[in-house]
Novice: 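Supplied in structure tokens, the structure appears directly below.
In what follows, chains carry the letters A, B, and so on, assigned in the order in which the sequence lines appear, proteins first and then strands, with residues in each chain numbered from 1. Model, not experiment: these values are computed from the prediction.
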Amino acid sequence: MAKKKTIDFQALLNDVDALFPTYQALDQDGNVVDESLVPDLSDHELVELMSQMVWSRVLDQRSTALNRQGRLGFFAPTAGQEASQLASHFAFEKEDVLLPAYRDVPQLVKHGLPLYQAFLWSRGHVVGNEYDDDLQALPPQIIIGAQYVQAAGVALGLKKRGKNNVVFTYTGDGGSSQGDFYEAINFAGSYKANGVFYVQNNGFAISMPREHQTAATTIAQKAVAAGIPGIQVDGMDPFAVYTVSKLAREWAANGNGPVLIETVTYRYGAHTLSGDDPTRYRSKELDDEWQKKDPLIRFRNYLENKGLWSEEKEEEIMENARQEIKDAIAEADKVPKQKVTDFLKNMFKEQPQNIQEQIKFYEAKESK
Amino acid sequence: MAQKTMIQAITDALAVELEKDKDVLVFGEDVGLNGGVFRATADLQDKFGEEQVFDTPLAESGIMGLSFGLALEGYRAVPEIQFFGFVFEAMDEIVGQIARTRYRMGGTRNLPITLRAPFGGGVHTPELHSDNLEGMIAQAPGIRVVIPSNPYDAKGLLISSIRSNDPVVYLEHMKLYRSFREEVPDGEYEVPLDKAGIAREGNDITIVTYGAMVRESLKAAENLEKDNISAEIIDLRTVSPVDMETIIASVEKTNRVIVVQEAQKQAGVAAKISSDIAEKAILSLEAPIGRVSAPDTVFPFGQAEGIWLPNATDVEEKAREIVNF
């Protein structure tokens, strides 16, 4: 007689998957599908959040154009990710610490980075990274996942200081494969530190589809291994993203430890404008399918139904955004060129001999 | 004052700083209850509590990322990497992130982090424990590499490192941990960073070295003295950036120089120093610049260390060769 099967491996996988539904509040048309996830925001705040998302869409469009004109440098498109980026950011406080990745410039600006500095960062100018003391953020991170382990440290620091603030950080679905991703959530979990960790799953790590990134059905379930809560949320739904973020922030700020949030979203554009061509790895059909889920459409419908939004209102926001961008570019243009002597002075707080010597050399060279 | 080993001096320095500044945090794998695998942090958790002295999960990149974040929040992080051979796991956080954050942010942020780690050969550790990787970190701008050669300096340099607002990689040679004792003052004192020490004064040849090779060079100098060859020994103490002023002044006095390192010959600290001497003092030289180093292989298996590692005899022979050139 065959021995009885004692472990059903498929059932083990199914059990885990069942724990990670996709939280959604608004459907594609802006109808409420889960009242419990509708945020407790005033009309004014709702309009403000929508305005930020429209602003971000304009920033994406204008940054793309400015990049093509040679007036900006590095740019990672954000269109499609407005709910994932701005509705998550909306749940945090100014004193919370933001550790962004290279695509998270909209959140940085809304966290307090002057727009002209964001443009200078894009152009490769150090002034773009000279953050005021009260700007609780780091410049956009380039190395995938590096900001995650740093966030674990900030989270522990906030806890040690007894603050009710949190650190929040972002990476992509590709970033969830990095060792640093796991080390960070594991460290923060082990210390029950004040952190909210986002994975913006936009379907592709440059060209690698999400399905090939990991055998896990959701990225949220990677939280299980760290012993922390993990949540998958519809990243095109500003209400679900905001509510989940707000609850996660409260959980972490109250000393319960970190939360991992996977936002399922999509970037309409290329990975970056530095040579990526998404038509090599994505179909028009897929793009069209995601356009139907656009976060602006569903939020606009919702607000219009409540009499809080109009075409004129949106046009006004867009016009203001275009003017703000124009002014910021003009301001960025006025910033003096960089000097190697300043670079040398920034290497160390206390300058060693080699640096002192080289400062003298470049002072002479730069005064010619 | 008490006679202390180097590891006791290191523990002492940590205790002084933990006591003086509650924002100093000492952490790493096994550093708490266990006091570190070499006991460098022995009893510190008992004295200062788990808030200041604590264990971390086992992950080097995580430890260094934790240090980055804690420093950003205003703490003085003193992480331990259990063996420096494990540093590859944390290279992005150390060289890619910590070393360049001040520069990246235009001097608007400092990261006061002192990474401590045991390193160096001669104690028969398993593979990938002992490597002399200081040259690799020395290649990176923005981070100091400090290597003491004796208990007095170990304490003073560690205190200076922890108080520095710049990041430091502080490397402790395993062979020096318990091999001898010397007078170490109680309480606080600093040995300045970026400043080499003269371990022995002399007139006929300059020996530039650091870490365990200072001891070997001192032995070599005693033998050379018997033949009336007077060697001046410069102990670098900070191997990146290097105090070239002290080296050049000595070379201009003795007109002969050898550079001694335990690490492999290719690239590294001795190569940098040799080229700087050639650049700045070639007309003072009456002989080629000599170098003593390990061969260009991967760090050896334990039983081969005796022949692989440079020693006092190698230093003595190279010094005689240069003096008699």
Novice: Using a cut-off of 6.0 Å, state whether more than 12 heavy atoms not belonging to Gln338(A) lie near its atom CD.
Specialist: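 Yes, the 6.0 Å shell around CD holds more than 12 heavy atoms from other groups.
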Novice: In terms of heavy-atom pairs under 4.5 Å with chain A, which of Ile143(B), Val242(B), Ile98(B) leads?
Specialist: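 Of Ile143(B), Val242(B), Ile98(B), Ile143(B) has the most heavy-atom pairs under 4.5 Å with chain A.
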Novice: Look at Arg163(B) together with Glu188(B) and state whether they make a salt bridge at an N to O cut-off of under 4.0 Å.
Specialist: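 Yes, this pair counts.
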Novice: Can you check whether Ser250(B)'s main-chain N or O pairs, donor with acceptor, with Thr254(B)'s side chain at less than 3.5 Å?
Specialist: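 The answer is yes, because a donor-acceptor pair under 3.5 Å joins these two groups.
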Novice: With no hydrogens and no angle check, just 3.5 Å: does a side-chain donor-acceptor pair link Gln136(A) and Asp96(A)?
Specialist: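 The answer is no; no qualifying pair exists.
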Novice: Specify which of Leu156(A), Ile142(A), Leu99(A) makes the most heavy-atom pairs with chain B at under 4.5 Å.
Specialist: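 Sorted descending by pairs with chain B, the first entry is Leu156(A).
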Novice: Could you please state which residues from residues 339-346 of chain A sit under 4.5 angstrom from chain B, measuring non-hydrogen atom to non-hydrogen atom, sorted by number, or 'none'?
Specialist: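 Checking residues 339-346 of chain A against chain B gives Phe343(A), Lys345(A), Asn346(A).
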Novice: With chain A, which of Pro57(B), Gly107(B), Gly74(B) has the greatest number of heavy-atom pairs at distances under 4.5 Å?
Specialist: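 With the most close heavy-atom pairs to chain A, the winner is Pro57(B).
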Novice: Using a 6.0 Å cut-off, check whether atom CG of Leu33(B) has over 12 heavy atoms from anything other than its own residue.
Specialist: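 No.
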Novice: So which atom in Gly211(B) and which in Ser149(B) form the shortest heavy-atom distance, rounded to 0.1 Å?
Specialist: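 Residues Gly211(B) and Ser149(B), closest heavy atoms: O-CB, 3.4 Å.
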Novice: Drop me the distance from Lys47(B)'s NZ to Thr41(B)'s OG1, to the nearest 0.5 angstrom.
Specialist: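 Spacing of NZ (Lys47(B)) from OG1 (Thr41(B)) equals 11.0 Å.
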Novice: Can you say whether Glu357(A) sits under 4.5 Å from chain B via the side chain, the backbone, both, or neither, judging by heavy atoms?
Specialist: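 Contact with chain B is through the side chain of Glu357(A) alone.
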Novice: When you compare the side chains of Asp104(A) and Gln200(A), does any donor N or O come within less than 3.5 Å of an acceptor on the partner?
Specialist: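 Result is yes, a qualifying pair exists.
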Novice: Between Asn165(B) and Arg76(B), does any side-chain donor sit less than 3.5 Å from a side-chain acceptor?
Specialist: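 Their side chains do contain a donor-acceptor pair, which is all the 3.5 Å distance test asks for.
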Novice: May I ask you to decide if the ring planes of His89(A) and His111(A) are parallel, tilted or perpendicular, using 30° and 60° as cut-offs?
Specialist: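 His89(A) and His111(A): perpendicular rings.
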Novice: At a 4.5 Å cut-off on heavy atoms, which part of Val167(A) comes close to chain B: side chain, backbone, both, or neither?
Specialist: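 No part of it gets close to chain B.
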Novice: Measure from NZ or CZ of Arg144(B) to the centre of the six-membered ring of Phe348(A), then state whether that distance is under 6.0 Å and the direction lies within 45° of the axis.
Specialist: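 Relative to the ring axis of Phe348(A), which defines the angle, Arg144(B) lies inside both limits.
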Novice: Side chains of Asp194(B) and Gln353(A): is there a donor and an acceptor less than 3.5 Å apart?
Specialist: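 Not at all, the side chains of Asp194(B) and Gln353(A) share no donor-acceptor pair under 3.5 Å.
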Novice: Who wins among Lys195(B), Met64(B), Met105(B) for the most heavy-atom pairs under 4.5 Å with chain A?
Specialist: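 So the answer, after comparing Lys195(B), Met64(B), Met105(B), is Met105(B).
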Novice: Chain B contacts: which residues in residues 175-191 of chain A have a non-hydrogen atom closer than 4.5 Å to it?
Specialist: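 When heavy atoms of chain B are the reference, residues 175-191 of chain A contributes Asp180(A), Glu183(A), Asn186(A), Phe187(A), Ser190(A), Tyr191(A) within the under-4.5 Å range.
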Novice: Please name all residues satisfying side-chain hydrogen bond (donor to acceptor under 3.5 Å, both in side chains) with Tyr170(A), sequence neighbours left out, ordered by chain then number.
Specialist: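 Tyr170(A) satisfies side-chain hydrogen bond (donor to acceptor under 3.5 Å, both in side chains) with Ser88(A) only.
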Novice: Given heavy-atom pairs under 4.5 angstrom as the criterion, report whether the side chain, backbone, both or neither of Asp276(B) touches chain A.
Specialist: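 The answer is neither part of Asp276(B).
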Novice: Heavy-atom pairs under 4.5 Å with chain B are the metric here; pick the option from Ile355(A), Ile143(A), Asn354(A) that has the most.
Specialist: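 Going by pairs under 4.5 Å, I would pick Ile143(A).
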Novice: Considering only heavy atoms and a distance below 4.5 Å, find which of Thr101(B), Thr238(B), Leu193(B), Ile63(B) pairs most often with chain A.
Specialist: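 Ranked by contacts with chain A, first place is Ile63(B).
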Novice: If you draw a 6.0 Å radius around NZ in Lys365(A), do more than 12 non-hydrogen atoms from other residues or ligands fall strictly inside?
Specialist: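 Open: at most 12 neighbouring heavy atoms sit under 6.0 Å from NZ of Lys365(A).
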Novice: With distance as the sole criterion, is a donor-acceptor pair present between the side chains of Gln141(A) and Gln97(B) under 3.5 Å?
Specialist: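 A donor-acceptor contact under 3.5 Å links the two side chains.
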Novice: Can you confirm if the NZ or CZ of Arg161(A) lies within 45° of the ring axis of Tyr75(B) and under 6.0 Å from the centre of its six-membered ring?
Specialist: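 Yes, a cation-pi geometry holds between Arg161(A) and Tyr75(B).
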Novice: Within a reach of under 6.0 Å around NZ of Lys110(A), are more than 12 heavy atoms found that belong to other residues, nucleotides or ligands?
Specialist: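 Correct, the count exceeds 12.
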Novice: So which residues of residues 86-93 of chain B are in contact with chain A at a heavy-atom cut-off of under 4.5 Å?
Specialist: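 Expected list: Asp92(B), Glu93(B).
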Novice: Measure across Arg109(B) and Tyr131(A) and return the closest heavy-atom pair with its distance rounded to 0.1 Å.
Specialist: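 That would be NH1-O, 2.9 Å.
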Novice: With a 4.5 angstrom heavy-atom cut-off, which part of Leu70(B) approaches chain A: side chain, backbone, both or neither?
Specialist: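 Answer is both: backbone and side chain atoms of Leu70(B) are under 4.5 Å from chain A.
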